Amino acid sequence: MTRTNIGEFEEVVLLIVAILHENAYGVSVMEEIENQTGRKINISAVHSALDRLESKGFLKSEAGGATAERGGRRKRFFRITVAGQQTLDAIREQRNRLHDQIPNLGLKYVGI
């Protein structure tokens, strides 16, 4: 697999889409990022990241049914692809390898 590098925000979006599974659309992704990380983000940043990840082949999207509450507009639902899952796995493996190499520095700290 040829891995395309993704940034930290794209990684978070990809993780959240995987977590939300079949309920991943722009607003649900934005809300879940805010709930999981405490970061306030705007919807246009989420849509941009979703579009980039789809163009890289890490996500697929399809339109849901039109609803009256959305004025007849359809939600665009996203799901992770095999390439997206492989990328998340590779990122996790790389980070774990790096963390495992940190020596015990004897540093003391209180909470985060």
Side-chain angles (χ1 to χ4, degrees):
M1 172 185 87
T2 303
R3 185 168 163 247
T4 301
N5 290 325
I6 61 174
E8 185 263 344
F9 184 68
E10 286 180 333
E11 180 185 349
V12 170
V13 170
L14 193 57
L15 285 164
I16 294 298
V17 169
I19 289 167
L20 292 174
H21 191 49
E22 295 186 4
N23 194 34
Y25 59 95
V27 172
S28 69
V29 170
M30 179 187 71
E31 291 173 348
E32 192 65 19
I33 289 171
E34 290 177 356
N35 290 337
Q36 294 273 358
T37 68
R39 290 170 66 172
K40 292 289 182 196
I41 54 173
N42 64 44
I43 191 67
S44 62
V46 171
H47 282 295
S48 293
L50 290 167
D51 289 342
R52 284 192 307 274
L53 290 165
E54 187 171 27
S55 71
K56 292 176 182 180
F58 299 148
L59 296 177
K60 291 250 184 215
S61 70
E62 62 183 49
T67 61
E69 70 185 34
R70 293 178 43 84
R73 294 188 336 257
R74 302 167 78 166
K75 289 180 185 174
R76 193 165 135 214
F77 288 94
F78 291 85
R79 62 183 165 76
I80 193 167
T81 64
V82 170
Q85 184 63 59
Q86 288 173 331
T87 295
L88 287 178
D89 291 345
I91 291 168
R92 181 180 55 218
E93 288 172 18
Q94 180 182 43
R95 286 197 177 148
N96 286 345
R97 272 193 316 271
L98 293 170
H99 279 275
D100 291 345
Q101 294 177 58
I102 298 172
N104 182 353
L105 302 173
L107 301 174
K108 305 271 189 227
Y109 65 94
V110 179
I112 294 180

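All values reported here derive from a predicted model rather than from experimental measurement.
The OG1 atom of Thr81 sits 7.5 Å away from the CG atom of Leu14 when rounded to the nearest 0.5 Å. Atom-to-atom distance recorded for Glu62:CD and Arg79:CZ is 6.0 Å, nearest 0.5 angstrom. Rounded to the nearest 0.5 Å, atoms NE2 (His47) and CZ (Phe78) are 7.5 Å apart. Once rounded to the nearest 0.5 Å, the distance linking OG of Ser48 with CG of Asn42 reads 8.5 Å. Rounding to the nearest 0.5 Å places OG of Ser44 at 11.0 Å from CG of Asp51. Rounded to the nearest 0.5 angstrom, Gln101 CD and His99 NE2 are separated by 11.0 Å.
Looking at every heavy atom in both residues, Phe9 comes nearest to Ala49 through CE2-CB, 3.8 Å. Residues Ile16 and Glu32 share a closest heavy-atom pair of CG2-CB, 3.7 Å. Closest approach of Glu10 to Arg52, counting heavy atoms only: OE2-NE, 2.6 Å. The nearest pair of heavy atoms linking Gly57 to Ala83 is O-CB, 3.7 Å. Nearest approach of Phe77 to Glu22, heavy atoms of both residues: CD2-O, 3.7 Å. Listed here is the closest heavy atom pair of Glu34 and Arg39: CG-O, 2.9 Å.
A heavy-atom distance below 4.5 Å is found between the side chains of Leu88 and Ile80. Counting heavy atoms from C-beta outward, Leu50 and Val17 have side chains that approach closer than 4.5 Å.
Classification of Arg92 and Asp89 as a salt-bridged pair holds, one side-chain N sitting under 4.0 Å from a carboxylate O.
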